[in-house]
Participant: 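My questions all concern the structure below.
A quick note: this is a predicted structure, and the numbers were derived from the prediction, not measured. Just the heavy atoms: all of them, side chains too, but no hydrogens, waters or symmetry mates, feed the values below. Starting from 1, each residue takes its place in the sequence as its number.
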Amino acid sequence: MKRILVMVAVGGALIAPTARAQMAAPGPPPGAMLAPPPVVFAAAPASGAGTPAAALPPELKGLGVQQHHVRRESGRHGAEEHHYLRLGDGRWIRAKVRATRLIEVQGEAVPPTAAQAVLPPSLHRARELAQLKVITEVSIKPRGEISVEGKAGDGSRIEVEYDRLARLLKYERAHESDRHSLTDMQVRELLVALKYRDVAIVHRGRRYVDAIAINAYAERVEVRINDRGTVDRERMLAP
């Protein structure tokens, strides 16, 4: 999605905040002045119009999903669907599907049933995972390795990795303060100051935080904030 700054001539008709521009020719390159053909503005279509709704992954249908947004992308490992799900208690989780297979679930607290949907059955009662009070990420890497992150009862952060045969490769335990990313409160305060609202954290990296929010254009988006307090990217989510 690209945004174009449009300046209205003095005395010209005002443009509704949600109006969309339709141009008869390809848009100008970034930084260029908009020239003829004229731009025709029309009311924004109804949410989801013209885009088929993405199906909820079957493994996640029992979570009581209240809102469902999706983003599609193609990478070096193939086409993927990123599903953003708001649960009944207000939490958001992010799930990744590749070739119809659920390969990743992330969130401030991933529901156990969602985590088990990604994990192979042989790891459902793994000794290392029993130490996790809260699971924040479960993912299967392209070569089949299985990665799990979460928090123990004392607040420490645990990262575990298994090979494709469910054999333990790595176990790390550290305090949450070892991360350099901003706190949840800092992220929310920063985004509210930038005119975002309805902010929810979905993933915390070592030096960044991913959040779901509604931007100043009333669009539901995913936002990444780095450890310097700068917004690195914003991605619009389809209904």
Participant: Which residues satisfy the ring-ring contact (aromatic ring centres under 6.0 Å, His included) test with Tyr208, sequence neighbours excluded?
Facilitator: His203
Participant: Does any part of the side chain of Glu73, heavy atoms only, come nearer than 4.5 Å to the side chain of Arg235, both counted from C-beta?
Facilitator: yes
Participant: To the nearest 0.5 angstrom, please state how far the CD1 atom of Ile93 sits from the CD1 atom of Ile135.
Facilitator: 12.0 Å
Participant: Please name the pair of heavy atoms, one in Glu108 and one in Val134, separated by the smallest distance, quoted to 0.1 Å.
Facilitator: O-CG1, 3.4 Å
Participant: With sequence neighbours excluded, what pairs up with Lys195 under the side-chain contact (heavy atoms from CB on, under 4.5 Å) test?
Facilitator: Ala216
Participant: Given side chain to side chain contact (heavy atoms under 4.5 Å, CB included), test Glu145 with Leu169 step by step and report yes or no.
Facilitator: CA-CA 9 Å; Glu145 298 93 342; Leu169 292 176; 4.3 Å; yes
Participant: Taking Arg91 for the side chain and Ala109 for the main chain, is one N or O donor matched with an acceptor at less than 3.5 Å?
Facilitator: yes
Participant: About how many Å separate NZ of Lys61 and CG of Leu85, when rounded to the nearest 0.5 Å?
Facilitator: 12.0 Å
Participant: Can you give me the closest heavy-atom contact between His77 and Pro142, atom names plus distance?
Facilitator: NE2-CG, 3.4 Å
Participant: Name all residues meeting the salt bridge (charged side-chain N to carboxylate O under 4.0 Å, His left out) criterion together with Arg167; count only those two or more places apart in sequence or in a different chain, and write none if there are none.
Facilitator: Asp163
Participant: Go through it in stages, so that I can follow the logic: the residues are Arg197 and Asn215, the test is side chain to side chain contact (heavy atoms under 4.5 Å, CB included), and I'd like the CA-CA distance, side-chain angles, deciding distance and then a yes or no.
Facilitator: CA-CA 7 Å; Arg197 56 188 173 86; Asn215 65 14; over 6 Å; no
Participant: Kindly write out the residues that satisfy salt bridge (charged side-chain N to carboxylate O under 4.0 Å, His left out) with Glu80, not counting sequence neighbours, or none if the list is empty.
Facilitator: Arg98
Participant: Mind checking side-chain contact (heavy atoms from CB on, under 4.5 Å) for Pro120 and listing every partner two or more places apart, or none if nothing turns up?
Facilitator: Ser122, Leu123, Ile146
Participant: Could you check if a side-chain atom of Val118 sits within less than 4.5 angstrom of a side-chain atom of Ile103, using non-hydrogen atoms only?
Facilitator: no
Participant: Show your working on side chain to side chain contact (heavy atoms under 4.5 Å, CB included) between Arg101 and Ile140 and close with a plain yes or no.
Facilitator: CA-CA 10 Å; Arg101 183 187 183 188; Ile140 299 177; 3.3 Å; yes
Participant: If the condition is side chain to side chain donor-acceptor pair (under 3.5 Å), which residues does Asp198 pass it with, not counting sequence neighbours?
Facilitator: Arg86, Arg220
Participant: Just distance, no hydrogens or angles: give the donor-acceptor pairs under 3.5 Å from side chains in residues 185-192, sequence neighbours left out.
Facilitator:
{"unit_1": "Gln186", "atom_1": "OE1", "unit_2": "Thr183", "atom_2": "N", "d": "2.8"}
{"unit_1": "Gln186", "atom_1": "OE1", "unit_2": "Thr183", "atom_2": "OG1", "d": "3.3"}

Participant: Taking atom NZ of Lys141 and atom CD of Glu104, what is their separation to the nearest 0.5 Å?
Facilitator: 10.5 Å
Participant: Between Pro111 and Leu87, is there a side-chain heavy-atom distance shorter than 4.5 Å?
Facilitator: yes
Participant: Looking only at heavy atoms, which two atoms of Ala115 and Val138 are closest? And how far apart?
Facilitator: CB-CG2, 3.8 Å
Participant: Is any side-chain heavy atom of Glu159 less than 4.5 Å from a side-chain heavy atom of Lys170?
Facilitator: yes
Participant: Of all residues at least two apart in sequence or in a different chain, which pass the salt bridge (charged side-chain N to carboxylate O under 4.0 Å, His left out) check with Asp227?
Facilitator: Arg207
Participant: Heavy atoms, side chains only, cut-off 4.5 Å: are Ile214 and Glu219 in contact?
Facilitator: no
Participant: If the condition is side-chain contact (heavy atoms from CB on, under 4.5 Å), which residues does Thr230 pass it with, not counting sequence neighbours?
Facilitator: Asn226, Arg228
Participant: Is it true that Arg204 and Glu137 have a side-chain N and a carboxylate O under 4.0 angstrom from each other?
Facilitator: no
Participant: Excluding sequence neighbours, so at least two apart, what forms salt bridge (charged side-chain N to carboxylate O under 4.0 Å, His left out) with Arg233?
Facilitator: Glu222
Participant: Using a 4.5 Å cut-off on heavy atoms from C-beta on, say whether the side chain of Leu60 contacts that of Leu102.
Facilitator: yes
Participant: Other than Trp92, what residues sit in its cluster of Ile, Leu, Val, Met, Phe, Trp and Tyr side chains whose heavy atoms are under 4.5 Å apart, directly or through others?
Facilitator: Tyr84, Val202, Ile212, Leu237
Participant: Less than 4.5 Å apart, side chain to side chain, heavy atoms only: is that true for Asp210 and Arg94?
Facilitator: yes
Participant: Indicate yes or no for a side-chain donor-acceptor contact from Ser156 to the backbone of His175 under 3.5 Å, with no hydrogens or angles considered.
Facilitator: no
Participant: Can you tell if the side chain of Arg224 reaches within under 4.5 Å of the side chain of Val231, non-hydrogen atoms only?
Facilitator: no
Participant: Closer than 3.5 angstrom, by distance alone: can the side chain of Ser181 be matched with the main-chain N or O of Val209 as a donor-acceptor pair?
Facilitator: no
Participant: Donor-acceptor pairs under 3.5 angstrom involving side-chain atoms of residues 126-133: please list them, not counting sequence neighbours.
Facilitator:
{"unit_1": "Glu128", "atom_1": "OE1", "unit_2": "Tyr162", "atom_2": "OH", "d": "2.8"}
{"unit_1": "Gln131", "atom_1": "OE1", "unit_2": "Tyr171", "atom_2": "OH", "d": "2.5"}
{"unit_1": "Gln131", "atom_1": "OE1", "unit_2": "Arg173", "atom_2": "NH1", "d": "3.1"}

Participant: Which pair of non-hydrogen atoms, one from Arg71 and one from Met236, has the smallest distance, and what is that distance?
Facilitator: CD-O, 4.2 Å
